[in-house]
Asks: 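Okay, handing you the structure first.
For this chain, numbers begin at 1 and follow the sequence in order. Basis for what follows: all heavy atoms, side chains included, without hydrogens, waters or symmetry-related copies.
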Amino acid sequence: MIFNILIKRIKLLLSNKNGFREFAYLIGERESNNNYQAKNSFGFLGAYQFGMARLCDLGLTERIKEGMDNDCFKWKDGMSEEMFLNSPEVQDQLFFRHCTDLAGRINKEFGSEFGKQKHGVMITLSGLIAGAHLLGIGGVRDFINNGENKKDGYNTSIKDYIQSFVGFDLEKLI
């Protein structure tokens, strides 16, 4: 999987196409093989594998009880899981909003780290957005500050995401 992403990254670099569209495509490929109807064993949804908590942050769901598990949220009126999974346009727009939000937060907290090597990885905005997509801002913070290489439920490490998505031109998101 990592080898395939690296090959695609090299092709993108050589073609000088290195922006948000390519970033989103490769994140979607890594998360779900760009399957907009995907639902994983943890209940994460769509091409970009959003959890219900993040969908709440983005306005599609609402909290019904304390906690972060998917069952702590419900779809807002006018939206459902089926509608979400059958709406590539909604998912793409949400992913853009998600990345824009992350970019601002990451720039504010970690902007002074851009261009530096930390724990064997070049720190870039795009790498940190990918890391935050995988494990949240807290996961990025733990990696940057303490070198903690946390993993998701499928054993994918934050270091892998930060490293795999280095160098995309996403500064326009800030």
Asks: Under 4.5 Å between side-chain heavy atoms, counting indirect links through other Ile/Leu/Val/Met/Phe/Trp/Tyr residues: same cluster for F96 and F168 or not?
Replies: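 Both belong to a single hydrophobic cluster.
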
Asks: Just wondering, are more than 12 heavy atoms of other shown residues or ligands nearer than 6.0 Å to CG in N146?
Replies: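 Yes.
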
Asks: How are the rings of F23 and F95 set relative to one another: parallel (under 30°), tilted (30 to 60°) or perpendicular (over 60°)?
Replies: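 Plane angle under 30°, so parallel.
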
Asks: Return the OG1 to CD distance between T61 and E81, rounded to the nearest 0.5 Å.
Replies: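 Going from OG1 on T61 over to CD on E81, the span is 11.5 Å.
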
Asks: From Q49 CD over to Q91 CD, what is the distance, rounded to the nearest 0.5 angstrom?
Replies: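 Answer rounded to 0.5 Å: 9.0 Å.
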
Asks: With the side chain counted from C-beta on, respond yes when R30 and F165 share a heavy-atom pair under 4.5 Å apart, and no when they do not.
Replies: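 A side-chain contact under 4.5 Å exists here.
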
Asks: Measure the shortest side-chain to side-chain distance between C99 and F20 over non-hydrogen atoms and say whether it is less than 4.5 angstrom.
Replies: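 They are in side-chain contact.
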
Asks: What I'd like to find out is whether the side chain of M79 reaches to under 4.5 Å of the side chain of D77, using heavy atoms alone.
Replies: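 Heavy-atom side-chain distance check fails, nothing below 4.5 Å.
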
Asks: A side-chain contact here means heavy atoms from C-beta on lying under 4.5 Å apart; do H98 and L102 qualify?
Replies: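 Yes, their side chains come closer than 4.5 Å.
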
Asks: Kindly give the heavy-atom pair with the smallest separation between A103 and L173, and that separation in Å.
Replies: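 Closest pair (atom of A103, atom of L173, distance): CB-CB, 3.7 Å.
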
Asks: May I ask you to check whether over 12 heavy atoms, not counting those of K74, lie within 6.0 Å of atom NZ?
Replies: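 For K74, atom NZ is not crowded (no more than 12 foreign heavy atoms under 6.0 Å).
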
Asks: Could D160 and K151 be called an ion pair, given the rule that one side-chain N must be under 4.0 Å from one carboxylate O?
Replies: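 Answer for the salt bridge query: no.
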
Asks: Identify the two heavy atoms, one from A130 and one from I27, that lie closest to each other, and give their separation to 0.1 Å.
Replies: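 What the structure gives for the nearest pair is CB-CD1, 3.9 Å.
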
Asks: Report the C-alpha distance between M52 and F44 in whole Å, list the side-chain angles of each, state the deciding distance to 0.1 Å, and finish with yes or no for side-chain contact (heavy atoms from CB on, under 4.5 Å).
Replies: CA-CA 7 Å; M52 295 292 278; F44 287 77; over 6 Å; no

Asks: Under 4.5 Å between side-chain heavy atoms, hopping through other hydrophobics if needed: is there a path connecting I174 to I106?
Replies: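 Both belong to a single hydrophobic cluster.
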
Asks: Going through the checks in order, is the side-chain contact (heavy atoms from CB on, under 4.5 Å) test met by Y48 and H133?
Replies: CA-CA 9 Å; Y48 307 106; H133 178 69; 4.2 Å; yes

Asks: Would you call R97 and D101 a salt bridge, using N to O less than 4.0 angstrom?
Replies: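 Salt bridge flag = no for D101 with R97.
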
Asks: If I take atom CZ from residue F50 and atom CD from residue E31, how far apart are they, to the nearest 0.5 angstrom?
Replies: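 The CD atom of E31 is 9.5 Å from CZ of F50, to the nearest 0.5 Å.
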
Asks: Please list, chain by chain and in numerical order, all residues satisfying salt bridge (Lys or Arg N to Asp or Glu O under 4.0 Å) with K172, sequence neighbours excluded.
Replies: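 For K172, no residue satisfies salt bridge (Lys or Arg N to Asp or Glu O under 4.0 Å) once neighbours in sequence are set aside.
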
Asks: Under a 4.5 Å cut-off applied to non-hydrogen side-chain atoms, are L60 and V90 in contact?
Replies: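 The answer is yes, as the side chains (C-beta and beyond) meet within the 4.5 Å cut-off.
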
Asks: Distance-only, no hydrogens or angles: does the N70 side chain make a donor-acceptor pair with backbone N or O of F42 under 3.5 Å?
Replies: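 Checked: pair present.
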
Asks: Given 3.5 Å as the limit, does a donor-acceptor pair link the side chain of K159 with the main chain of H119, or not?
Replies: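 Side chain of K159 to backbone of H119, a donor-acceptor pair under 3.5 Å: yes, one is there.
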
Asks: Within the side chain of N40, is there an N or O that forms a donor-acceptor pair under 3.5 Å with the backbone of G43?
Replies: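 Yes.
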
Asks: Check this for me: E82, atom CD, are more than 12 non-hydrogen atoms of other residues, nucleotides or ligands nearer than 6.0 Å?
Replies: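 Not buried by this count: 12 neighbours or fewer within 6.0 Å.
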
Asks: Counting N and O atoms only, with roles assigned by atom type, does the side chain of Q37 sit under 3.5 Å from a partner on the main chain of N86, one being a donor and the other an acceptor?
Replies: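 Judged by distance alone, no pair lies under 3.5 Å.
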
Asks: Taking side chain as C-beta onward, heavy atoms only, is F143 less than 4.5 Å from V121?
Replies: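 Yes, at least one pair of side-chain atoms sits under 4.5 Å.
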
Asks: Determine yes or no for a side-chain-to-main-chain donor-acceptor pair under 3.5 angstrom, with Q117 supplying the side chain and I123 the backbone.
Replies: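 Such a contact is absent between Q117 side chain and I123 backbone.
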
Asks: Between A38 and L85, what is the shortest heavy-atom contact and its length?
Replies: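 Nearest heavy atoms, A38 then L85: O-CD2, 3.5 Å.
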
Asks: With distance as the sole test, does K116 use its side chain to make a donor-acceptor pair with the main-chain N or O of S112 at under 3.5 Å?
Replies: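 Checking the backbone N and O of S112 against the side chain of K116, a donor-acceptor pair under 3.5 Å is found.
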
Asks: Measuring from atom CD1 of I158 to atom CG of L135, what distance do you get when rounded to the nearest 0.5 angstrom?
Replies: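 The CD1 atom of I158 sits 5.0 Å away from the CG atom of L135.
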
Asks: List the atom of E66, the atom of C72, and the distance in Å for their closest heavy-atom pair.
Replies: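 Between these two residues, the closest heavy atoms are O-SG, 3.1 Å.
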
Asks: What is the distance from atom CG of D152 to atom OG of S157, rounded to the nearest 0.5 Å?
Replies: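 One finds 9.0 Å between CG of D152 and OG of S157.
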
Asks: Looking at side-chain heavy atoms only, is the closest gap between L94 and L55 below 4.5 Å?
Replies: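 Answer yes - side chains close enough.
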
Asks: Which value, rounded to the nearest 0.5 Å, describes the distance between I129 atom CD1 and T124 atom OG1?
Replies: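 Here the rounded value is 8.5 Å.
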
Asks: Not counting sequence neighbours, which residues clear salt bridge (Lys or Arg N to Asp or Glu O under 4.0 Å) with E148? List them please.
Replies: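 E148 satisfies salt bridge (Lys or Arg N to Asp or Glu O under 4.0 Å) with K150 only.
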
Asks: Please report the C-alpha distance between K65 and D71 in whole Å, then the side-chain angles of each, then the deciding distance to 0.1 Å, and finally whether the side-chain contact (heavy atoms from CB on, under 4.5 Å) criterion is met.
Replies: CA-CA 8 Å; K65 62 183 179 180; D71 68 349; 3.6 Å; yes

Asks: Quick one: closest heavy-atom pair of C56 and R63, and the distance?
Replies: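 Minimum heavy-atom contact is SG-N, 4.0 Å.
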
Asks: Are the side chains of F110 and V140 in touch, meaning some heavy atoms are under 4.5 Å apart?
Replies: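 Heavy-atom side-chain distance check passes, below 4.5 Å.
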
Asks: Quick one: do the S87 and Y36 side chains pair a donor with an acceptor below 3.5 Å?
Replies: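 Result is no, nothing qualifies.
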
Asks: Identify the two heavy atoms, one from S32 and one from A47, that lie closest to each other, and give their separation to 0.1 Å.
Replies: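 Of all heavy-atom pairs spanning S32 and A47, the closest is OG-O, 2.8 Å.
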
Asks: Please evaluate residues I144 and L128 with respect to the criterion side-chain contact (heavy atoms from CB on, under 4.5 Å), reporting the C-alpha separation (whole Å), side-chain torsions for both, the decisive distance (0.1 Å), and the verdict.
Replies: CA-CA 9 Å; I144 295 284; L128 295 186; 4.0 Å; yes

